[in-house]
Amino acid sequence: MRWSQAFIPTLRDDPADAEAVSHRLLVRAGYIRQLMAGGYSILPLGQRVRAKIMGIIREEIDGIGGQELLLTALHPREIWEKTGRAETMGDILFSVTDSRGGSAILGPTHEEIFTTIATELTSYKQVPQLWYQIQTKFRNEPRAKGGLLRVREFTMKDSYSFDVDTDGLDVQFDRHFAAYQRIFERLGVIAVPVEASSGAMGGTDSIEFMVPSPAGEDDVAHCKACGYAANVERATSTLPAIPDEPGPSVPERFPTPGVKTILDLIEFDGGAPAERQIKTLVYVLDGELTLVLLRGDHDLQEQKLLDGTGTVEARPARPDEIRELLGADAGSLGAVGVIGPRILADDQLADRTNMVTGANLDDHHLRGVDIQRDIEVTGWLDLRAVKVGEACPSCGEALEIFRGIEAGHIFKLGTKFSVALGAMVLDADGAAVPLVMGSYGIGIERNMAAAVEMNHDDDGIVWPVSIAPYEVVITVVKVDDEATMIVADRLYDDLNDAGIDVLLDDRDERPGVKFNDAELIGIPYRITVGPRGLADDIVELSERRSGERTDLPVGEAVEMIKAQVESRK
RNA sequence: CGGGACGUAGCGCAGCUUGGUAGCGCGCAUCGUUCGGGACGAUGAGGUCGCCGGUUCAAAUCCGGCCGUCCCGACCA
């Protein structure tokens, strides 16, 4: 491509409304343009990168036996009602109405539709099957953000595996795990596999691939020593036991005027340190008022509460609901003597004695509370949020927490969808069994953004060779110098013939403008062709990432550049 | 959906407090001089001031409503 003919609208200034690095650079370098919140047009450079990312993913999924299909983005609502997700994913579904008044939804993911196709499988002899597509998804995100990082319409590679048993699923899952690691490596992003919550997807196990970046939206607890990594929605840690002194035989109520918080009670004369307090929260889980108990110095990890109880919708109770349930306002709440509502307690409270908690009477607390003796706990769960520096659950070293972009997510789904939609096969004994499924997703444009988050410097993007829109840019220093232009044109033709993606910057601009643009759009290699070098029969090769420059004899340039590019592909 | 900010030329911004002429930089077009790291001069094109309504002789500016976008929180590739 000749730059003079190309549509590469680079901007001199940073766009005002872009915060994330990838958003700012992709807009400024002319890869994308925003149309609306969470809606981006992909410009020519962006489309080239996107195509390369899809190519890599396709190769790797084909490599583990995937068969590519293409399903519709438009789905009949009834199928989503059969699996119950019309309700559980209701908020993010885009709905459309056709001229006959029928209702359809724009697919946010395709488990339902792939499973519908899988109903044509009839025998265990036909599995395993591994099907995938690269297709547009629509999600009415409550808050689109960060340019391509979180949008409402995007492309996803989603694959689905079908087996007769969980052993088969495990094999497919492991193959995807390995394929995903190869994909991310080839895309030039570091993606840490982490244990994750399956959320609305359901199923048993799931692993997210997290690209560390301040632009990310998830926190990951990670142990450098042993490699343990888990989304904080699931992460655990080992805490030292707290020795309890024996307390009174019954809890004692005492006045605590003005004490509203854990902190207040620490400072209150006759109060208690946070780790000796029981924090009482009130939640509404799918409509049911529930008490949630944690140690005073621990925070609730809401997703754990959802996962642990199988709750779809949770919200903190309103002050009036709390008062009606417990007879006091937040600040004086406790679970002692409460009978009726579900009471869930964090594991860290197990066997604790002589604790302090609210008395369900405003401005009063109880001391000497023995959890087993005094509180009717209906369920024990891991509910607390892990904090930096706590001990790794597998090796005991201090955990760190980093922010990450969820670049891919693989799920063991089990039989939820096959049961709901009747995707059964006969096993070797002639018994009808539901297919055991897995689903495996990776967002194309999000990975483009993640690659930029991970590969940039003050001058712009620094693409890995594997996904760069062009591998080489030839910067012609003086386009109206005939001899220079002849050499540049020949180099351009020869590189094209050698199978290199090359961009010829033949614009009549000053060299500084061209150098800056080349760096901004992030082409891995630049060949500078100008009269000064040609006087000595050389052109200059510079590498974007290192800034390293080498003089190349004109006659050997093509071979040397080709070798260089191939070595980095 | 809750909280905060913003909306003026393709991009980045000023003007609004105290109503009256819409301005700056970049980019764009033409000409000239330049030309190995975002040149200089001259001339020029380009704007429903987000939308609707109100106040007023007069609204980018004051008032009301709406829409849109970004950022922070509850959701996910």
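Numbers restart at 1 for each chain; the letters A, B, ... are given by sequence-line order, proteins then strands.
- Side-chain proximity of A/Arg139 to the nucleotides B/rC75, B/rC76, B/rC70 is greatest for B/rC76.
- Mapping A/Gly147 and A/Leu520 onto RNA chain B by nearest heavy atom places A/Leu520 closer to the 5' end of the strand.
- In this structure, CD of A/Glu217 is placed 13 Å from C1' of B/rC71, rounded to the nearest angstrom.
- The separation of B/rC52 from B/rC24, taken at their P atoms, amounts to 27 Å, rounded to a whole angstrom.
- Using a 4.0 Å heavy-atom cutoff across all strands shown, A/Val211 reaches no nucleic acid atom at all.
- Using N1 to N3 plus N6-O4 or O6-N4 for Watson-Crick, or N1-O2 and O6-N3 for G-U wobble, each under 3.5 Å, B/rC35 pairs with nothing.
- Checked against A/Val502 for a side chain to side chain contact (heavy atoms under 4.5 Å, CB included), the options A/Val473, A/Ile527, A/Ile474, A/Ile561 give a single hit: A/Ile474.
- Among the atoms of the strands shown, base atoms are found under 4.0 Å from some heavy atom of A/Glu540.
- Residue A/Gln303 places none of its side-chain N or O atoms closer than 4.0 Å to OP1 or OP2 of B/rA74.
- Put simply, CE on A/Met36 is 13 Å from C1' on B/rU69, counting in whole angstrom units.
- For A/Arg526 and B/rG37, a side-chain-to-base donor-acceptor distance below 3.5 Å is present, hydrogens and geometry of angles not being considered.
- Taking every side-chain heavy atom of A/Asp13 into account, B/rG25 is the closest of B/rG25, B/rG36, B/rG37.
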Could you walk me through whether A/Asp346 and A/Asp382 pass the side-chain contact (heavy atoms from CB on, under 4.5 Å) test, one step at a time? CA-CA 5 Å; A/Asp346 180 66; A/Asp382 171 28; 3.9 Å; yes

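- Here B/rC35 is the nucleotide among B/rC75, B/rG36, B/rC35 with the atom lying nearest to any side-chain atom of A/Lys478.
- Comparing the P positions of B/rG20 and B/rC13 gives a spacing of 24 Å, expressed to the nearest Å.
- With a 3.5 Å ceiling on both atom-pair distances, the Watson-Crick or G-U wobble partner of B/rU30 is B/rA42.
- Shown here, B/rG25 forms a base pair with B/rC11; the pair counts as Watson-Crick or G-U wobble because both key distances fall under 3.5 Å.
- Distance A/His176 NE2 to B/rA77 P: 14 Å, rounded to the nearest Å.
- Checking the phosphate oxygens (OP1, OP2) of B/rC72, a side-chain nitrogen or oxygen of A/Arg143 falls inside 4.0 Å.
- The same atom, P, is picked in B/rG53 and in B/rG10; the two are 24 Å apart, to the nearest Å.
- Heavy atoms of A/Asp218 sit under 4.0 angstrom from at least one base atom.
- Within 4.0 Å of A/Arg150, counting heavy atoms only, lies at least one base atom of the nucleic acid.
- When both pairing distances are held under 3.5 Å, B/rU55 makes no Watson-Crick or G-U pair with any nucleotide shown.
- Figure legend: cation-pi geometry between A/Lys137 and A/Phe154 absent, as NZ or CZ is not positioned both under 6.0 Å from the six-membered ring centre and within 45° of its axis.
- Residue ring and base: A/Phe515 does not count as stacked with B/rG38 (centre distance below 5.5 Å and interplanar angle below 30° not both satisfied).
- By the 30° and 60° cut-offs, the orientation of the rings of A/Phe162 relative to A/Trp131 is tilted.
- Among B/rA77, B/rG37, B/rC11, the nucleotide with an atom closest to any side-chain atom of A/Arg549 is B/rG37.
- The C1' atoms of B/rG47 and B/rU8 are separated by 8 Å, rounded to the nearest whole Å.
- In this structure, A/Glu519 reaches the bases: a heavy-atom distance under 4.0 Å links it to at least one base atom across the strands shown.
- Counting non-hydrogen atoms under 4.0 angstrom, A/Arg152 reaches nothing in the nucleic acid.
- In a base pair of the Watson-Crick type (N1 to N3 plus N6-O4 or O6-N4) or a G-U wobble (N1-O2 and O6-N3), with each distance short of 3.5 Å, B/rG2 is matched with B/rC72.
- When distances are taken from the side chain of A/Lys145 to each of B/rA39, B/rG12, B/rC72, the shortest belongs to B/rC72.
- Using a 4.0 Å heavy-atom cutoff across all strands shown, A/Gly146 reaches sugar-phosphate atoms only and no base atom.
- Residue A/Asn231 contributes atom CG, which lies 13 Å from atom C1' of B/rC75 at whole-angstrom precision.
- Applying the 3.5 Å distance criterion, the base of B/rG38 shares a donor-acceptor pair with the side chain of A/Arg28.
- Close to B/rC11, at under 4.0 Å from its OP1 or OP2, lies no side-chain N or O of A/Arg12.
- The C1' atoms of B/rC62 and B/rG27 are separated by 35 Å, rounded to the nearest whole Å.
- Under the Watson-Crick or G-U wobble criterion, with both distances below 3.5 Å, B/rC66 is paired with B/rG50.
- Contact detail for A/Lys514 and A/Val476: the closest heavy-atom pair is NZ-O, 2.6 Å.
- Using a 4.0 Å heavy-atom distance criterion, A/Ala407 is classed as a sugar-phosphate-only contact.
- Rounded to an integer number of Å, the gap from A/Asn140 CG to B/rC76 C1' is 13 Å.
- Using atom C1' as the reference point in both B/rG7 and B/rA14, the two lie 15 Å apart (nearest Å).
- Taking the nucleotide of RNA chain B with the nearest heavy atom to each of A/Ala37 and A/Leu11, the more 5' of the two is matched to A/Leu11.
- Ring-plane geometry between A/Phe402 and A/His222 is classed as perpendicular, the angle between the planes exceeding 60 degrees on a 0 to 90 degree scale with a lower cut at 30.
- Counting any heavy atom pair closer than 4.0 Å across all strands shown, A/Asp158 reaches no nucleic acid atom.
- The interatomic distance linking A/Arg510 (CZ) with B/rC40 (P) rounds to 8 Å, in whole Å.
- Across all strands, A/Thr528 comes closer than 4.0 Å to base atoms (heavy-atom distances).
- Judged by the 6.0 Å and 45° rule, A/Arg315 forms no cation-pi pair with A/Tyr283.
- Of the candidate nucleotides B/rC71, B/rG38, B/rA77, B/rA77 has the atom nearest to the side chain of A/Glu406.
- As rounded to whole Å, 16 Å separates atom C1' of B/rC35 from atom CE of A/Met485.
- Among the atoms of the strands shown, only primed sugar atoms or phosphate atoms (P, OP1, OP2) are found under 4.0 Å from some heavy atom of A/Pro511.
- Checked against B/rG36, B/rA77, B/rG38, the side chain of A/Asp517 finds its nearest nucleotide in B/rG38.
- Residue A/Glu141 is classed as a base contact, given a heavy-atom separation below 4.0 Å to a base.
- Within the 6.0 Å centre-distance limit, the rings of A/Phe209 and A/Phe177 are counted as a close aromatic pair.
- In this structure, A/Tyr180 atom OH and B/rA77 atom P are separated by 10 Å, rounded to whole Å.
- Distance noted for atom P between B/rU61 and B/rG50: 8 Å (whole Å).
- Crowding of A/Glu87 atom CD: a count of heavy atoms from other residues, nucleotides or ligands under 6.0 Å not exceeding 12.
- Within 4.0 Å (heavy atoms only), A/Gly408 reaches sugar-phosphate atoms of the nucleic acid but no base atom.
- Nucleotides B/rG36 and B/rC40 place their P atoms 14 Å apart, quoted to the nearest Å.
- If you look at A/Tyr180 and A/His409, their ring centroids are not closer than 6.0 Å.
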